[in-house]
Amino acid sequence: MRIGITGHRGLPSDVAAEVRADLIEQAKAHAAAEFTAVSCIADGPDAWWARAALDAGARLEVVIPADEYRENLPGWHHADYDQLLSSAADVHRTGLTESTSEAHQAGSEILVGLSDHLLAVWDGKPARGYGGTADVVAYARRVGVPVTIIWPDGASR
């Protein structure tokens, strides 16, 4: 089974801690040989899911939305991004150069296409911009990929 991830970045620390714990439990719920994590490995839930899966002994596949994607992530995340990317069993690319909202949505659509199931760290609200978590969830539902929403009760961002 291939399990993809989408989710909000920049979560408050208390929400982030709950989400990370939930993602670790999600990874532990599957036998390592039975699943592959699929992630764009951005800071936040994408990287947390990738790390939880690798720590559980699963495979990791990475989707890179654009050639300039890494440069547009926070500098503090680059070392983690590089380490996760080097641990990937396979890497998929959109072929786009600029790290735009359109590229992020294209990468997410590839991710959904590779996934049997999607985890969504989502507050249930509309996307703040094109290619946001709500758009990815809507796309997954439209193409028939089951979605599990992960959001702590009473949390806000």
Side-chain angles (χ1 to χ4, degrees), residues 2-24 26-27 36-54 60-85 87-88 90-157:
R2 298 167 100 172
I3 306 171
I5 183 81
T6 187
H8 301 308
R9 297 167 54 201
L11 297 175
S13 59
D14 58 330
V15 176
E18 286 188 59
V19 167
R20 282 182 100 146
D22 197 347
L23 292 173
I24 291 167
Q26 291 280 339
T36 297
V38 185
S39 176
C40 293
I41 62 175
D43 53 299
D46 287 14
W48 302 337
W49 175 238
R51 173 59 49 214
L54 289 170
L60 172 63
E61 291 191 23
V62 169
V63 177
I64 299 177
D67 294 341
E68 297 173 356
Y69 181 66
R70 178 187 180 275
E71 289 73 31
N72 286 288
L73 295 172
W76 57 262
H77 180 62
H78 288 180
D80 203 26
Y81 179 92
D82 294 344
Q83 194 282 322
L84 291 168
L85 183 60
S87 298
D90 203 356
V91 177
H92 310 272
R93 299 175 185 273
T94 63
L96 299 170
T97 301
E98 291 183 59
S99 190
T100 63
S101 296
E102 291 76 17
H104 297 173
Q105 182 66 24
S108 293
E109 290 179 10
I110 290 171
L111 181 143
V112 168
L114 293 167
S115 300
D116 300 305
H117 194 98
L118 181 70
L119 300 176
V121 178
W122 181 42
D123 62 3
K125 296 180 181 176
R128 293 181 177 173
Y130 180 66
T133 303
D135 294 331
V136 180
V137 169
Y139 178 77
R141 289 177 171 161
R142 196 166 51 250
V143 299
V145 173
V147 178
T148 297
I149 306 299
I150 297 172
W151 192 252
D153 289 338
S156 59
R157 61 181 185 119

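Since we're looking at a predicted model, the values are computed, not measured.
In summary, of the residues considered (Arg51, Arg70, Arg9), a salt bridge (charged side-chain N to carboxylate O under 4.0 Å, His left out) with Asp43 occurs for Arg9 alone.
Atom CZ of Arg93 sits in a sparse spot, with 12 or fewer heavy atoms from other residues, nucleotides or ligands closer than 6.0 Å. When the shell of 6.0 Å around CD of Gln83 is examined, it contains more than 12 heavy atoms from other residues, nucleotides or ligands.
Between Trp49 and Ile3, the closest heavy-atom pair is NE1-O, 3.1 Å. Taking each heavy atom of Ala47 and His77 in turn, the nearest pair found is CB-CE1, 3.6 Å. Annotation for Glu102 and Tyr130: closest pair CA-CE2, 3.9 Å, computed over non-hydrogen atoms. In this structure, Ala27 and Ala52 approach most closely via the heavy-atom pair CB-O, 3.6 Å.
His104 places a side-chain heavy atom less than 4.5 Å from the side chain of Ser99. Looking at heavy atoms from C-beta onward, Leu118 lies in side-chain contact with Leu111 at the 4.5 angstrom threshold. Put simply, the side chain of Val136 reaches to within 4.5 Å of the side chain of Gln105, judged on heavy atoms. Looking at Val19 and Pro152, their side chains come closer than 4.5 Å, going by heavy atoms from C-beta outward. Side-chain atoms of Leu23 and Ile5, non-hydrogen and from C-beta on, do get closer than 4.5 Å to each other. Leu11 has its side chain within reach of Val121: a pair of non-hydrogen atoms, C-beta onward, lies under 4.5 Å apart.
Rounding to the nearest 0.5 angstrom, the gap separating the CD atom in Glu109 from the OH atom in Tyr139 is 4.5 Å. Residue Tyr69 holds its OH atom at 15.5 Å from OG1 of Thr97, rounded to the nearest 0.5 Å. Atoms CD and OG1, from Glu68 and Thr100 in turn, are 9.5 Å apart once rounded to the nearest 0.5 Å. Rounded to the nearest 0.5 angstrom, Ile64 CD1 and Leu85 CG are separated by 5.0 Å.
Without hydrogens or angle criteria, Thr94 side chain to Gly107 main chain gives no donor-acceptor distance under 3.5 Å. Distance alone, capped at 3.5 Å, places no donor-acceptor pair between the His92 side chain and the Ile110 backbone. When atom types are taken as modelled, the side chain of Thr36 and the backbone of Arg2 share no donor-acceptor pair closer than 3.5 angstrom.
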Q: Verify side-chain contact (heavy atoms from CB on, under 4.5 Å) between Leu84 and Asp46, making sure each step is shown before the conclusion.
A: CA-CA 10 Å; Leu84 291 168; Asp46 287 14; over 6 Å; no
Exercise answer: donor-acceptor pairs, residues 141-151 side-chain atoms, under 3.5 Å, sequence neighbours excluded:
from: Thr148; atom 1: OG1; to: His117; atom 2: NE2; distance (Å): 2.6
from: Trp151; atom 1: NE1; to: Ala155; atom 2: O; distance (Å): 3.2

